[in-house]
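A note on names: the letters A, B, ... follow the listed sequences, proteins ahead of strands, and every chain is numbered from 1.
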Number of protein chains: 2
Amino acid sequence: MTPVSAALHDGVAPLSFLLGRWAGEGEGSYPTIEPFRYGEEITLSHVGKPFLAYAQRSWSLDDGRPLHAETGYWRCPSPTRVELVVAHPTGVVEVSEGPLSTTSLVLSSTTMAGTGSAKEVTAVVRHITVEEDRLDYDLDMAAVGVSLTAHLRGVLHRVSTPSG
Amino acid sequence: MTPVSAALHDGVAPLSFLLGRWAGEGEGSYPTIEPFRYGEEITLSHVGKPFLAYAQRSWSLDDGRPLHAETGYWRCPSPTRVELVVAHPTGVVEVSEGPLSTTSLVLSSTTMAGTGSAKEVTAVVRHITVEEDRLDYDLDMAAVGVSLTAHLRGVLHRVSTPSG
């Protein structure tokens with residue numbers, strides 16, 4: 001029932017450089033775990049409303065088993081400001097905000113909260129830069145008593161664009 | 001790369017009654033808006049890990065235009081306890097928890113938080129009951145200065161089950 005080719009809402013036009021399906025690889029590390037490499041896919045789509053829908057999943061390069069996933073929405077309250085709300089399957093929710101400059105942005109968490117059984121994550125900072133169909137990101141995290149520390153770094157390529 | 005037919009993880013076995021794609025209709029009201037009716041689709045799936053992935057969208061019965069959407073994950077820390085983390089495109093995140101009794105459950109928000117541009121939502125309580133392939137729910141909400149008040153009520157039917 002959802003219109004499949006709604007025009008992009010003006011309210012997220014500054015985020016149009018993020019639209020599409022992205023695939024690539026990344027590497028992760030953290031003081032509490034062994035370094036690891038992963039495959040990753042990210043999808044950013046829209047339905048004509050002032051947000052982008054966001055879904056991410058990653059998998060082991062060894063055997064394809066699912067690793068992380070996250071899902072949420074991107075918003076753009078002004079042409080130089082970006083907002084992200086995300087749910088994590090670890091029982092954590094994240095609210096992040098920050099500056100947007102053409103095709104690069106920084107998102108710093110303003111709220112991290114979790115369910116009773118969730119592992120404690122206290123802060124996340126995401127840097128993202130897009131050049132044409134290449135997306136570079138890194139993610140720093142403070143969790144389980146460790147202060148803000150480099151955790152993930154990846155490079156994705158746009159493999160399709162939305163028809164919308 | 002994700003295994004398409006992983007076995008359901010024991011850690012979410014008590015939530016297996018929720019798995020599948022559900023479709024139906026609902027009605028909404030709130031002191032600040034006109035009553036409305038909507039079509040709705042919910043999908044609950046798994047990848048063999050201890051959570052269910054959750055996606056919801058609703059649309060106007062008048063013209064099919066998208067109304068609400070939400071996305072997140074369900075967890076089950078014990079056979080009598082359910083947890084939900086959700087991101088809303090309005091810039092809000094929700095952490096909800098509560099008792100699970102066979103095929104009915106109550107989720108009360110423990111955290112509601114939002115981005116700088118989000119409308120203020122302070123509490124959500126969800127009641128869900130499943131009988132075979134019929135799901136009844138209602139949702140109470142406290143928002144924009146209004147205390148906890150009935151907001152949504154819907155009936156969905158399971159239209160497909162996951163192959164996993």
> Looking only at heavy atoms, what is the nearest atom pair of A:A87 and B:Y73, with distance?
Replying inline: O-CE1, 3.2 Å
>> A side-chain contact here means heavy atoms from C-beta on lying under 4.5 Å apart; do A:R75 and B:S117 qualify?
In response: yes
> Hey, which of B:G91, B:G72, B:G39 has the most heavy atom pairs under 4.5 Å with chain A?
Replying inline: B:G91
> At a heavy-atom separation under 4.5 Å, does B:E41 approach chain A through its side chain, its backbone, both, or neither?
Replying inline: neither
> Any link between A:L135 and A:V125 through a network of hydrophobic side chains (Ile, Leu, Val, Met, Phe, Trp, Tyr) touching at under 4.5 Å?
Replying inline: no
> Counting only heavy atoms not in B:R81, do more than 12 fall under 6.0 Å of its CZ?
Replying inline: yes
> What pair of heavy atoms forms the shortest contact from B:E83 to A:T115, and how long is it?
Replying inline: OE1-OG1, 2.7 Å
>> Distance check, rounded to the nearest 0.5 Å: A:T90 atom OG1 versus B:F51 atom CZ?
In response: 9.0 Å
> Where on A:T71 is there a heavy atom nearer than 4.5 Å to chain B: the side chain, the backbone, both, or neither?
Replying inline: both
> Under a single-linkage definition using a 4.5 Å side-chain heavy-atom cutoff for Ile, Leu, Val, Met, Phe, Trp and Tyr, are A:V106 and A:M141 assigned to the same hydrophobic cluster?
Replying inline: no
>> Grouping I, L, V, M, F, W and Y whenever their side-chain heavy atoms are under 4.5 Å apart, do B:W22 and B:F17 come out in a common cluster?
In response: yes
> So if you build clusters from Ile, Leu, Val, Met, Phe, Trp, Tyr with side-chain heavy-atom gaps below 4.5 Å, do B:V146 and B:V92 land together?
Replying inline: yes
> In terms of heavy-atom pairs under 4.5 Å, which option from A:S96, A:P77, A:A113, A:P89 contacts chain B the most?
Replying inline: A:P89
>> Same cluster or not: B:L148 versus B:I33, using hydrophobic residues (I, L, V, M, F, W, Y) connected whenever any side-chain heavy atoms lie under 4.5 Å apart?
In response: no
>> Under 4.5 Å from any heavy atom of chain B, what part of A:A53 do you find: side chain, backbone, both or neither?
In response: neither
